[in-house]
Structure formats: C-alpha cells, structure tokens
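Down below is the structure, laid out as structure tokens.
Numbered from 1 within each chain, the chains take letters A, B, ... in sequence-line order.
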Amino acid sequence: MSKGLPKRSEDYSLWYNELVKRADLAENSPVRGCMVIKPYGYSIWEKMQAELDRMFKETGHTNAYFPLFIPKSYLSKEASHIEGFAKECAVVTHYRLKNSEDGKSVIVDPEAKLEEELIVRPTSETVIWSTYKNWIQSYRDLPLLINQWANVVRWEMRTRLFLRTTEFLWQEGHTAHATKQEAIDETIQMMNIYAGFAETFMALPVVKGVKSINERFAGAEDTYCIEALMQDGKALQAGTSHFLGQNFAKAFDVKFATKEGGLEYVWGTSWGASTRLMGALIMAHSDDNGLVLPPKLAPNQVVIVPIYKGEEELARISIKAREIITKLKAKGISVHFDNRDTHKPGWKFAEYELKGVPLRIAMGPRDLENNTIELARRDNLSKETVYLGEIILEEYISNLLDDIQESIYRKAFNFREKMTTEVNTWAEFEELLESKGGFLSAHWDGTSETEERIKELTKATIRCIPIDRKEEDGKCILTGNPSKGRVYFARAY
RNA sequence: CGGGGUGUAGCGUAGCCCGGUAUCGCGCCACAUUUGGGAUGUGGAGGUCGUAGGUUCGAAUCCUGCCACCCCGACCA
C-alpha cells in the first residue's frame with residue numbers, strides 16, 4: 001500500500017474514495033451500490049444518531065418502527081409520490097427458494113410468487129400514513145410526532161460511498177397536525193434542528209432555504225433544506241424537511257374530528273437526514289493527510305502515544321498515562337491509550353492523522369523527566385510541549401478541544417463565505433461556475449423552465465431559496481425577466 | 001442504461017500488443033537489532049490471473065457472454 005493519500009488538488013473524487021477506505025470508514029460490498037460501514041465509521045454515525053435523537057426527543061418526538069416492506073398498491077396512492085420514486089424501487093416478488101434440478105444451486109421457487117408484490121421502502125410515508133389513519137380520530141390525538149431510525153433502498157444509477165448508496169441508513173420523522181400553520185412550524189423547526197446539529201456538532205456551516213418546485217420532495221407542498229458547501233466547491237444537501245400539506249392525509253383518508261365537531265384532513269410533515277451526513281463531514285474538513293474530525297463527533301477525542309525503549313520504560317510511561325486518562329475521563333473526554341508494541345510511534349502518528357483524531361498526546365522518557373507532554377492538533381497540525389506543573393490538564397485539553405471545534409467551523413465558514421458570489425450577468429455566471437464554483441447568488445425569474453434550462457446549460461441547479469434572503473428587485477440571470485430576490489445556484493452532489 | 005477505462009497474493013502493480021501457468025513494492029509470519037514522524041537486516045508463507053464459456057498441444061495473454069469498480073452523461077438524499 002502506498003503511504004500517501006491522493007491529493008485533493010489532483011483528483012478530488014479519488015481522494016475522497018481512498019480516504020473513506022483508508023480511514024476505515026466503509027468499503028464496498030458484494031452487492032452493487034451497497035456498502036459495509038466499518039466499526040470506525042459506524043461509531044461516528046452513532047455519535048450523530050445519539051445527538052440527533054436527543055434533539056428530536058427534546059422537541060417532543062418519540063421513536064417507533066415501521067416495516068421494511070410496503071405493499072405495492074400503497075405507493076400509488078399519492079400520485080406525485082409514486083412518480084418520484086417508481087424508477088428506483090426494489091421489488092420483492094417471491095418468498096421462497098428451492099434447490100435447482102442438479103442440486104448445485106438454489107433457484108427462486110416459481111410456485112412461491114406473492115399475490116401482491118412488496119416494495120422495499122424508498123421512504124415510509126405510505127406505510128406510515130396508512131397506519132396513521134387508524135391512530136388518528138380526534139383533535140385529541142394530535143399532534144402525532146414520530147420518528148424512526150431505519151434503512152431504506154433507492155436503486156440509484158451511480159453510487160458513491162456514503163454520498164449515494166443503494167441502501168442507506170437514516171432517520172425519517174413523520175408528524176400529523178390539526179392546522180396548517182402548526183405543520184409549517186414543525187417543518188421549519190426541524191430544518192432548524194438539522195442546521196443547529198450541522199453547525200454545532202459537525203462544525204459545518206449551512207444555508208437554510210426552500211427548494212424550488214423542481215427540487216422538491218415527491219408529494220410535498222414545500223421542501224425546506226440545509227445546504228452545505230464541500231471543499232471542491234460543490235454543494236451538498238445535508239437534511240430536508242417537508243411540509244406535506246394534506247396530500248398524504250387525503251391519499252390515505254386520515255381525518256380528525258375537530259373541537260367544533262367538524263371532520264377535517266390532518267396536515268403532515270416529514271423530515272430526514274441520512275448517512276450522507278458522513279460524506280459531508282468527510283468532505284468538509286479533511287485534508288491530504290486524512291480525516292479531520294470535529295471533537296464533538298470523534299470516536300476518540302484524544303489519543304496517547306507512548307515513546308519508549310523496553311518494558312521498563314513503557315511501564316513508567318503507562319503509570320503517567322493512566323493518571324492522565326483518569327483525569328480526562330472524569331471530565332467526559334474520550335481518550336485512547338495506544339500502547340501496542342507492534343507499531344512504532346511514527347507509524348501511529350500517521351495512522352491517527354489519517355483517522356482524524358483531534359488531539360494527540362505523545363509521551364516519552366524526556367517528558368517523564370521534565371514533567372511535560374507533547375500535544376499535537378489534527379486540525380492545523382501544530383505541536384506544543386506542555387509543562388504539566390502549572391496547568392490543570394483536563395481543563396487545558398477541554399479548552400483545546402473546544403477551540404479545535406470552533407476553528408474547524410470557522411475555517412469551513414470562511415471558505416463558504418469566500419465561495420459565495422453574487423453574480424449579475426449570464427457571462428459572469430458561466431465563467432465563475434467553471435473557474436471558482438461554490439454558491440452563486442443570482443436572480444431567477446421563478447419559473448421551472450428557466451431553472452431547467454440553466455441546468456441543461458451549466459449543470460448547476462438551484463440549491464435553495466435562502467430563508468433569510470432580502471427582497472430586492474432584479475432581473476433573471478438567464479432571461480432578464482423580473483425577479484424579487486436572489487437564489488443560490490451551485491453544482492451539487 | 002449509453003460512451004470510455006480497469007479487474008493479476010490482503011493492498012498497489014509489471015507481464016497482455018507478439019500464447020509456453022507470473023514481476024516488483026507495501027503488508028503478513030519468524031528471528032535479531034531498533035523505538036521523539038510511517039525502522040533495518042536475514043529467512044519464510046501467500047496467486048482458481050474478476051467470472052463462465054470458446055479457440056489452441058498449451059490461455060493472465062486471443063474471441064464471446066456475464067459481474068464488479070472508476071471517469072463522463074441521464075436519475076437522485
């Protein structure tokens with residue numbers, strides 16, 4: 001195995017693919033488009049899950065689980081929904097295998113054909129709404145605030161580890177409300193939760209916005225999203241929240257008795273974030289030496305590497321290391337002591353850089369003698385020797401971790417600012433998209449045709465209509481027709 | 001699914017044009033010396049050459065189908 005990672009500047013895709021594999025995050029599986037999430041990658045996902053789950057529960061949601069299989073007929077009940085997903089559904093047609101004639105293999109038993117085929121869920125709106133019909137009768141049953149952690153399958157043409165896989169893990173929230181406004185508030189609340197999670201935990205600045213009709217979820221009235229910018233200047237949708245109106249309530253006949261004695265359809269929302277967040281995390285911060293993980297999501301925030309000759313020296317360093325570990329753990333800092341004798345310190349340094357551990361402590365005989373440690377930051381690769389005599393180590397490390405979290409965010413934020421450009425002419429739009437990339441803030445006449453045309457011409461799509469954009473009269477970048485405000489264009493993942 | 005490329009030991013590769021069962025590096029195992037940025041030496045193990053057929057006395061090499069991966073399109077979180 002060659003030691004260095006491919007350079008981002010030379011081949012960004014190759015760098016990403018290699019990084020995912022070399023950092024032990026994931027690998028390809030025998031099935032096309034599916035991936036094995038390895039223990040290290042999965043433990044990052046678990047940290048994301050834990051935090052999101054906490055945020056959902058804090059806002060009144062509870063978890064449930066709905067089945068993997070959906071009767072084919074359910075999917076067709078909401079017209080635009082089926083239109084959006086039909087082309088990428090895996091279908092179960094049989095329920096039994098049998099030995100082939102020659103006994104050497106197994107074949108699908110033609111006798112065991114299902115009467116109604118089952119769809120492997122691409123998303124669960126349909127099963128869930130068919131269930132909600134039974135759960136909701138009165139305004140007293142509302143709001144219904146449910147989330148599920150699940151796997152879904154979308155048979156994509158082209159896949160990439162984490163960013164787009166045939167099967168992926170996610171959470172999907174599905175809520176039902178008595179009023180339109182309440183449902184809209186819920187939709188916006190969840191977008192804000194995603195944005196807060198991305199910024200606080202992933203150290204990933206995001207743009208909050210609304211999708212154009214073309215980019216909207218199949219079956220939604222409005223799709224809210226958070227959009228992040230990757231280091232190659234391409235945008236990535238990191239979470240979506242949909243206001244479903246009464247579309248699914250009508251499709252599945254979910255009505256409730258109002259306080260006033262009327263009978264009305266409920267208002268729905270759904271919202272999701274997936275293992276794609278892993279891709280965002282990797283691409284947003286990492287460098288040519290490997291992963292850079294924000295301390296709040298790193299499986300190990302600190303690693304201690306002993307430097308020693310012989311058993312006796314290791315034993316003396318270990319005593320000191322144990323003291324440090326005890327202090328750090330008491331402060332809630334996760335720390336790994338790598339006392340393996342099978343690898344040399346230099347090898348370990350490179351390894352933990354590849355894996356993105358935020359802080360590394362090196363301790364050798366010299367440190368023992370001077371009562372010092374060597375501290376190395378992963379984010380900016382700086383090193384310092386710290387004298388333990390005059391600091392409270394756990395405070396010092398804790399502050400340093402906060403500082404790293406903040407610096408990573410700040411760096412990504414500055415990058416995004418630098419890569420967000422206001423453009424006013426079509427020539428400039430085309431030129432900047434090629435030379436610089438990033439978000440292009442431009443006027444758009446609001447029509448699907450224009451958006452479509454721009455996509456054909458440049459591969460750029462409207463990422464979102466920023467939620468906090470200022471109203472301003474202008475002319476559409478392509479058609480020159482009147483526009484009431486700017487939208488963000490970018491090439492996207 | 002269309003166009004292009006690749007598939008040889010755990011990983012990365014040479015060999016393929018011009019058929020004679022395989023090269024090198026990393027990793028792995030053993031021993032010794034090493035240990036403050038991916039150690040060195042010596043010895044060793046490991047290969048249905050993606051897969052199924054075909055041509056041939058003989059196929060990694062030539063032909064056909066299939067599969068997977070990568071890049072570029074169409075689709076998408």
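Counting any heavy atom pair closer than 4.0 Å across all strands shown, Arg340(A) reaches no nucleic acid atom. Among the heavy atoms of the strands lying under 4.0 Å from Glu156(A) is at least one base atom, whether or not backbone atoms are also near. At the heavy-atom level, Leu163(A) lies under 4.0 Å from base atoms of the strands shown. Thr372(A) comes within 4.0 angstrom of nothing in the nucleic acid, heavy atoms only. Within 4.0 Å of Phe168(A), counting heavy atoms only, lies at least one base atom of the nucleic acid. Gly279(A) comes within 4.0 angstrom of nothing in the nucleic acid, heavy atoms only. Residue Ser274(A) is in base contact, counting any heavy-atom pair closer than 4.0 Å across all strands shown.
Put simply, Lys309(A) has a side-chain N or O that comes within less than 4.0 Å of OP1 or OP2 on U35(B). Contact check, Ser13(A) against C71(B): a side-chain N or O comes under 4.0 Å of OP1 or OP2. Put simply, Arg158(A) has no side-chain N or O that comes within less than 4.0 Å of OP1 or OP2 on C1(B).
Taking atom P in both G50(B) and G10(B), the straight-line distance is 13 Å, to the nearest Å. Going from the C1' atom of U13(B) to that of U35(B) covers 31 Å, rounded to whole Å. With P as the reference atom, C49(B) and G44(B) are 25 Å apart, rounded to whole Å. Comparing C11(B) with C69(B), their P atoms sit 15 Å apart, to the nearest whole Å. The gap from the P atom of G2(B) to that of A74(B) amounts to 16 Å, rounded to the nearest Å. As rounded to the nearest Å, G38(B) and C26(B) have C1' atoms that lie 11 Å from one another. Between G27(B) and C71(B), the two P atoms lie 28 Å apart (nearest whole Å). The same atom, P, is picked in U64(B) and in U21(B); the two are 25 Å apart, to the nearest Å.
Distance from the side chain of Arg360(A) is smallest to G37(B) among G37(B), G36(B), C70(B). Listed nucleotides G37(B), C71(B), A77(B) differ in distance to Arg154(A); the shortest reach to its side chain belongs to A77(B). Side chain of Arg366(A), nearest nucleotide from C76(B), G36(B), G37(B): G36(B). Minimum atom distance to the side chain of Lys459(A) is reached by G73(B), of the listed C71(B), G73(B), A77(B). Side-chain proximity of Ala350(A) to the nucleotides A74(B), U35(B), G38(B) is greatest for G38(B). The side chain of Trp347(A) lies closest to G38(B) when the candidates are G36(B), C71(B), G38(B). The Lys383(A) side chain lies nearest to G37(B) when the options are C1(B), G38(B), G37(B).
A heavy-atom distance below 4.5 Å is found between the side chains of Thr458(A) and Glu430(A).
Checked against the 6.0 Å centroid criterion, the rings of Phe248(A) and His174(A) do not qualify as a close aromatic pair.
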> Given Trp45(A) and Phe162(A), is the side chain to side chain contact (heavy atoms under 4.5 Å, CB included) satisfied, shown in steps?
Replying inline: CA-CA 11 Å; Trp45(A) 173 240; Phe162(A) 290 119; over 6 Å; no
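Nearest-nucleotide positions on RNA chain B for Phe85(A) and Leu161(A) put Leu161(A) closer to the 5' end. The residue among His343(A) and Tyr308(A) whose nearest nucleotide of RNA chain B is located toward the 5' end is His343(A).
As rounded to whole Å, 12 Å separates atom P of G12(B) from atom CD of Glu27(A). For the pair Leu5(A) CG and G12(B) P, the interatomic distance rounds to 14 Å; values are reported in whole Å. Rounded to a whole Å, the NZ atom of Lys21(A) is 11 Å from the P atom of C11(B). Rounded to whole angstrom, the span from the OH atom of Tyr16(A) across to the P atom of C70(B) amounts to 11 Å. Rounded to a whole Å, the OH atom of Tyr352(A) is 17 Å from the P atom of G37(B). Counting to the nearest Å, the P atom of A39(B) and the CG atom of Asp341(A) are 13 Å from each other. Rounded to whole Å, atom C1' of U35(B) lies 10 Å from atom CD1 of Ile317(A). Computed from coordinates, the Glu88(A) CD to C75(B) P distance equals 12 Å when rounded to whole Å.
Of the residues Val357(A), Ile361(A), Val335(A), the one that meets the side chain to side chain contact (heavy atoms under 4.5 Å, CB included) test with Val303(A) is Val357(A). Of the residues listed (Glu125(A), His242(A), Glu172(A)), the one engaging Ser270(A) in a side-chain hydrogen bond (donor to acceptor under 3.5 Å, both in side chains) is Glu125(A), and it is the only one.
To the nearest 0.5 Å, the span separating CD1 on Ile128(A) from CZ on Phe252(A) amounts to 10.5 Å.
Salt bridge annotation for Glu434(A)-Lys459(A): absent, with no cationic side-chain nitrogen under 4.0 angstrom from a carboxylate oxygen.
Between the side chain of Lys344(A) and the base of G36(B) there is no donor-acceptor pair of N/O atoms closer than 3.5 Å.
A cation-pi contact, defined as under 6.0 Å to the ring centre and within 45° of the axis, is absent between Arg154(A) and Phe85(A).
C75(B) makes up no base pair with any nucleotide shown, lacking Watson-Crick or G-U wobble contacts both under 3.5 Å.
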